[in-house]
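Here is the naming used below: chain letters follow the sequence lines, and residue numbers restart at 1 for every chain.
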Protein chains: 2
Amino acid sequence: MATSPLSLNDCRARDAADPLRSLRDLFTIPKELIYLDGNSLGVMPKAATARAAEVVAQEWGQGLIRSWNTAGWVNLPHKLGNQVARLIGAGDGEVVVTDTTSINLYKALSAALSITKEDAPQRRVVVSERNNFPTDLYIAQSLCNQHGYTLKLVEPEEVSASINADLAVLMLTHVNYRTGAMHDMAAVTAAVHKAGGLMVWDLAHSAGAVPVGLRDADADFAVGCSYKYLNGGPGAPAFVWVHPRHTDRCWQPLSGWFGHSAPFAFTPDYQPAGGITRYLCGTQPVVSLSLLECGLDCFAAAEKLGGMGALRTKSLALTDLYIQLVEERCQGFGLGLATPRNHAQRGSQVCLTREHDAGGDLGSGAFAIVQALIARGVIGDFRAGDGGIHKDILRFGFTPLYVGYEDVWNAVEHLRQVLETEEWKKPEFNQKHAVT
Amino acid sequence: MATSPLSLNDCRARDAADPLRSLRDLFTIPKELIYLDGNSLGVMPKAATARAAEVVAQEWGQGLIRSWNTAGWVNLPHKLGNQVARLIGAGDGEVVVTDTTSINLYKALSAALSITKEDAPQRRVVVSERNNFPTDLYIAQSLCNQHGYTLKLVEPEEVSASINADLAVLMLTHVNYRTGAMHDMAAVTAAVHKAGGLMVWDLAHSAGAVPVGLRDADADFAVGCSYKYLNGGPGAPAFVWVHPRHTDRCWQPLSGWFGHSAPFAFTPDYQPAGGITRYLCGTQPVVSLSLLECGLDCFAAAEKLGGMGALRTKSLALTDLYIQLVEERCQGFGLGLATPRNHAQRGSQVCLTREHDAGGDLGSGAFAIVQALIARGVIGDFRAGDGGIHKDILRFGFTPLYVGYEDVWNAVEHLRQVLETEEWKKPEFNQKHAVT
């Protein structure tokens with residue numbers, strides 16, 4: 001980064017030259033907001049308001065029960081699943097959109113353990129990262145307790161060494177929620193298979209953010225979230241993919257009627273459907289599910305402009321720019337970089353650290369700095385450290401569909417001002433909320 | 001039923017005198033439709049269109065991630081749970097609205113088995129009805145397979161005899177989906193407790209349809225559906241109640257982050273929250289969840305007019321009237337009554353049977369009769385029999401919030417015409433769809 005300092009005009013010029021710039025117009029970005037939290041909740045596609053009115057007033061209000069057929073409600077998990085499949089390198093008919101990430105992980109990890117128990121009963125260890133997203137660890141903890149497995153949590157650099165003859169399943173989130181660090185999906189999966197284990201990927205911070213090739217990597221199971229980079233709306237249903245070599249080998253435990261081979265025959269015995277359909281369970285929240293289509297349609301528009309490859313190029317340019325500007329303009333305030341500089345190891349977010357006592361009596365100050373930025377309209381978020389090797393994190397997501405280069409400049413400028421003026425030390429920025 | 005034949009004018013007079021008649025104006029009833037399928041999908045409260053626009057365009061579109069706090073998204077499962085609690089005789093803070101009925105049943109039945117395993121490990125049988133709603137049986141089948149229990153399915157009249165020293169859990173749907181027959185919740189629960197077992201109730205066809213007293217009956221666990229009589233919208237999230245004496249005794253297996261005692265501390269170990277909160281799992285579909293409030297608000301309006309007691313009185317009057325009119329006006333067409341005449345044993349629906357060969361080559365004809373009615377704008381549904389003691393069913397739900405007495409007259413008149421003209425024998429009414 002020995003280039004000459006960048007200016008606001010340089011950033012504007014980059015926006016003007018951005019081949020994906022028109023995609024921003026597909027979304028509602030609240031005025032005066034620089035939204036760098038699309039990795040937590042993506043912004044609203046403009047089409048969502050009309051779609052919501054249609055599904056509520058027409059499909060529900062007028063169509064009523066008939067809409068299960070006439071409006072295609074019954075096929076939504078598969079229809080949307082096929083749209084998601086194209087973004088994660090999965091095949092047609094291999095993905096369903098349903099339930100939550102936690103619940104889909106329960107299904108996938110249960111199935112993985114069931115298969116491994118049959119094929120390699122001596123393998124009794126499930127490995128994950130200590131700072132994997134907690135709900136993944138909680139679900140794994142429940143399943144390990146139920147089925148007598150040991151859940152071993154390691155640091156990212158210890159993952160390789162944990163792939164051994166004891167490993168039943170390695171369960172990783174592809175892009176880490178705290179650091180933005182990305183695993184090499186193909187290499188890790190290959191190592192796990194070579195050692196005789198199974199691989200479960202959580203794509204919560206990957207789907208729609210970085211190119212993903214589940215089939216190319218020959219992965220076993222994957223789950224992911226649709227309300228982050230896929231812009232499906234708050235709490236939009238999640239997705240699950242299972243390699244076809246595994247789908248029909250076992251039941252997943254949440255054997256609800258939508259996973260039955262003939263759900264509307266109403267027979268008392270469960271007979272699972274073939275393929276990914278058996279990963280469905282109960283009736284889905286149709287309104288929330290329908291809105292996801294608006295988010296996925298934006299990727300269909302992006303496809304014409306280069307698709308995930310072009311989005312990835314822009315994402316890296318945005319995160320590179322943010323890192324460069326923070327280093328040029330926010331020196332001397334105790335900030336560090338948690339996100340890898342190496343492109344191959346970086347997702348679509350940049351996470352800054354602050355030493356635990358950098359803020360004196362106010363701890364690292366990271367929480368308050370994020371609050372002060374939010375008050376200025378720069379929306380990122382804070383993730384607490386553990387007081388040990390995992391530091392407090394200031395987290396900023398860069399969604400290439402709608403974030404621009406001028407946004408990056410302005411975000412850094414606000415950060416500089418918050419730090420220089422010590423605005424973040426105000427009491428109102430040091431009071432914690434229920435959710436951040 | 002020795003009264004003189006009723007007339008259309010009699011029915012109109014009843015509507016005019018109905019103290020609950022104003023509640024109908026809270027809903028959008030499509031013109032020319034007689035909707036007797038509120039036991040499958042309730043109609044849309046008029047408030048839902050504005051609420052959908054608000055939650056999508058404002059809370060998501062403008063508030064974005066901040067709405068978890070500012071719009072109260074994080075509290076919706078509890079807030080709505082408290083509204084549901086009042087309709088089912090549960091206490092404040094004892095119910096959460098979340099996930100699907102199937103998934104909530106998995107949580108509840110898992111917990112019940114976990115408790116019974118500790119308190120009475122010799123009890124190894126789970127009992128339910130053979131014609132309970134299939135997804136309940138599928139979930140029970142999965143859990144029994146996992147934990148080594150025997151799932152015993154019986155006919156309703158055999159339930160009493162199956163409450164014995166082997167019983168771990170009795171799992172019943174309070175109002176049967178095929179027949180509308182209602183169990184005596186207090187008596188059955190007391191018998192189960194006397195025998196040393198635990199009782200799990202599914203309230204899918206009870207909540208908002210009939211008065212329910214979970215606490216009065218001293219039940220153990222209950223789940224239910226919000227898109228039928230609660231008018232929450234297609235696939236609206238379901239609810240779960242656990243008696244406070246049980247909530248903190250064990251984990252439920254779907255131990256996602258929203259069930260953690262401190263979900264936003266992001267710690268790697270699962271520590272379940274106290275009380276019903278631990279029955280939450282992942283992030284909920286906020287838009288679908290929010291719309292349920294419109295449905296529940298209609299019950300708040302009904303509360304001022306007598307609440308569930310007044311709704312029950314009207315519901316029985318509607319179903320009595322339907323039975324009387326069918327018997328007076330549709331004689332000689334092979335119809336029978338599957339729903340109990342005894343008020344204490346009847347939910348809010350009437351199910352007619354037709355002998356398996358009553359339609360000759362067209363089977364019972366029940367499917368086609370329902371299709372012919374739907375084509376005339378009378379929406380009910382069909383549930384197939386098994387060719388044995390469970391006959392084909394024509395099912396009609398009477399939601400006292402919005403169904404009127406004139407609707408009942410007209411519904412029977414259409415049925416009479418469909419039967420008399422043999423309109424139902426047309427080929428187009430004998431082709432089955434994916435969902436009915």
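- With a threshold of 4.5 angstrom between heavy atoms, B:Asp269 approaches chain A through its backbone and through its side chain.
- We find the CG-OG distance between A:Leu143 and B:Ser255 to be 7.5 Å, quoted to the nearest 0.5 Å.
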### Task
For B:Tyr227 and A:Thr283, run side-chain hydrogen bond (donor to acceptor under 3.5 Å, both in side chains): C-alpha distance rounded to whole Å, both residues' side-chain angles, the deciding distance at 0.1 Å, then the answer.
CA-CA 10 Å; B:Tyr227 54 76; A:Thr283 311; 2.9 Å; yes

### Query
Please walk me through it: do B:Ile65 and A:Asp381 pass side-chain contact (heavy atoms from CB on, under 4.5 Å)?
CA-CA 9 Å; B:Ile65 193 68; A:Asp381 56 29; 5.6 Å; no

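- Of the atoms belonging to A:Ala384, not a single heavy atom falls under 4.5 Å from chain B.
- Under the 6.0 Å cut-off for aromatic ring centres, A:Tyr106 and B:Tyr106 qualify, their centroids lying closer than that.
- The contact between A:Gln284 and chain B is made by backbone and side chain atoms together, counting heavy-atom distances below 4.5 Å.
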### Task
Run the numbers on B:Thr267 and A:Asp386 for side-chain contact (heavy atoms from CB on, under 4.5 Å), then give the verdict.
CA-CA 8 Å; B:Thr267 56; A:Asp386 58 8; over 6 Å; no

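- When heavy atoms are compared at a cutoff of 4.5 Å, B:Leu153 approaches chain A solely by way of its side chain, counted from C-beta outward.
- Judged as a side chain to side chain donor-acceptor pair (under 3.5 Å), and not counting sequence neighbours, B:Ser114 has no contacts.
- For A:Arg51, no part sits under 4.5 Å from any heavy atom of chain B, backbone or side chain.
- We find the CG-CH2 distance between B:Leu41 and A:Trp60 to be 7.5 Å, quoted to the nearest 0.5 Å.
- Rounding to the nearest 0.5 Å gives a distance of 11.5 Å between CZ of B:Phe258 and OH of A:Tyr138.
- Of the atoms belonging to A:Ala53, not a single heavy atom falls under 4.5 Å from chain B.
- Residue contact with chain B, scored on non-hydrogen atoms closer than 4.5 Å, is absent for A:Leu289.
- Counting heavy-atom pairs closer than 4.5 Å to chain B, the top residue among A:Gln146, A:Lys46, A:Gln62 is A:Gln62.
- Classified by interplanar angle (parallel below 30°, tilted 30° to 60°, perpendicular above 60°), the ring pair B:Tyr177/A:Phe266 is tilted.
- Using bins of under 30°, 30° to 60° and over 60° for the plane-to-plane angle, the ring pair B:Trp257/A:Phe133 lands in the perpendicular bin.
- Among the candidates A:Thr101, A:Asp99, A:Ile103, the single residue satisfying the side chain to side chain contact (heavy atoms under 4.5 Å, CB included) test with B:Cys281 is A:Ile103.
- For A:Leu64, the parts lying under 4.5 angstrom from a heavy atom of chain B are both the backbone and the side chain.
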